[in-house]
**Q** 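Sharing a structure, written as structure tokens. Questions coming.
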Amino acid sequence: TVIAVAQGLPKLAKKSTYKVGFAQTESNNPWRLAQTKSMQDEARRLGYQLVYTDAGGSAAKQVSDVDSMIAQRVDAIFLAPREEKPLAAAVKKARAAGIPVILLDRTVDAKLAKAGTDYVTFIGSDFIQEGRRVGEWLKKTTKGKATIIQLLGTTGSSPANDRRKGFEDAIRGQSGMKIVASQDGDFSRDKGRQVMETLLQAHPDVNVVYAHNDEMAIGAIAALEAAGKKPGKDVMVLSIDGGREAVKLVADGKINYIVECNPKFGPKAFETLKNYAAGKQIPAKIINPDREFTRENASRLLSSAF
Ligand code: GZL
């Protein structure tokens, strides 16, 4: 990771307490709720004031949420940019207003805003590697033979772009592994189910579903069972996140493999803020390690899933 010397970035004075913003994308799934709780718990533990906003799934509203934080003159902003391009504008507005931004979980288009120049750092998972790990596992497990439906996360979000890239890179050149359809399920359970129902009719020979998150994987399982298929057996189900409900489904054999994406950002986010205020050098990226869940370890790891 390139060390981003915070030259020219807005400074953060060393204080005993801060008023910080956290601009969340939406609260429609357990992953997002766990992320928000982790941030609120840590702010409370530190005695900091947290200005929390929920963009309700709208990138435009998330941009205006950041505007309101700037108007409130918060000391710093934690931002989980819903989509890579529109939220770059919010990052630049905060920087112009002299407020340091730390990106959590998702990132912005690197051509529009850069770590060390426009924002301090990105803290989150390596989504390309997450997608690649799913592809590698599938290649090994199916010996290179699979008819795949891919359920995509939110269009324009870095996890959706990169989980797709990592997966498709991993299986490229495998003539026996075919993605017959890739469609947006917006990281949502209900949309994942609806999309899977439609795609299952168009591709009855599918034998693998790769969902970019647990919610869409669980929606796909409902669609498979409604069609009389056995998820995890007739059709393999692969996912990313590793929430409790999904890890239980791995133990039950309905999901075959999950790469974890840990939502508990609080401690590392605020530690990075304090390090920045103390003038320490901050890496351009701070990558969270992701475990994996399989039939062998799911029961043992269940209690540590979010
Ligand atoms: C990933 C995060 C994604 C989760 C989804 O860091 O942005 O958004 O994988 C969530 O569950 O909706």
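Start at 1 and go down the list; that is how both ligands and their atoms are numbered.
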**Q** For this output row, return yes or no: ring centroids of Tyr18 and Tyr48 closer than 6.0 angstrom.
**A** yes

**Q** In a table with atom names and distances, give each donor-acceptor pair under 3.5 Å that connects a side chain of residues 206-216 to protein atoms at least two apart or in another chain.
**A**
{"residue": "Asn207", "atom": "OD1", "partner": "Thr147", "partner atom": "N", "Å": "2.8"}
{"residue": "Tyr210", "atom": "OH", "partner": "Arg163", "partner atom": "O", "Å": "3.0"}
{"residue": "His212", "atom": "ND1", "partner": "Gly153", "partner atom": "N", "Å": "3.0"}
{"residue": "His212", "atom": "NE2", "partner": "Gln150", "partner atom": "OE1", "Å": "3.0"}
{"residue": "Asn213", "atom": "OD1", "partner": "Met216", "partner atom": "N", "Å": "3.1"}
{"residue": "Asn213", "atom": "ND2", "partner": "Phe187", "partner atom": "O", "Å": "3.2"}
{"residue": "Asp214", "atom": "OD1", "partner": "Ser239", "partner atom": "OG", "Å": "2.8"}
{"residue": "Asp214", "atom": "OD1", "partner": "Gly242", "partner atom": "N", "Å": "3.4"}
{"residue": "Asp214", "atom": "OD2", "partner": "Gly242", "partner atom": "N", "Å": "3.0"}
{"residue": "Asp214", "atom": "OD2", "partner": "Gly243", "partner atom": "N", "Å": "2.7"}
{"residue": "Glu215", "atom": "OE1", "partner": "Arg189", "partner atom": "NE", "Å": "3.1"}
{"residue": "Glu215", "atom": "OE2", "partner": "Arg189", "partner atom": "NH2", "Å": "3.2"}

**Q** Any chance NZ of Lys178 has more than 12 other-residue heavy atoms, nucleotides or ligands included, within less than 6.0 Å?
**A** no

**Q** Tell me which residues fall inside the under-4.0 Å heavy-atom shell around ligand 1.
**A** Asn29, Trp31, Arg32, Asp105, Arg106, Phe127, Pro159, Arg163, Phe187, Asn213, Asp241, Cys261

**Q** Would you check, one step at a time, whether the test side chain to side chain donor-acceptor pair (under 3.5 Å) holds for Arg106 with Thr25?
**A** CA-CA 10 Å; Arg106 297 187 184 178; Thr25 63; 5.0 Å; no

**Q** Of Phe265, Phe122, Tyr119, Phe270, which is the lone residue that meets ring-ring contact (aromatic ring centres under 6.0 Å, His included) with Phe78?
**A** Phe270

**Q** Compare every heavy atom of Gln24 with every heavy atom of Arg32, then report the nearest pair and how far apart it is.
**A** NE-OE1, 3.0 Å

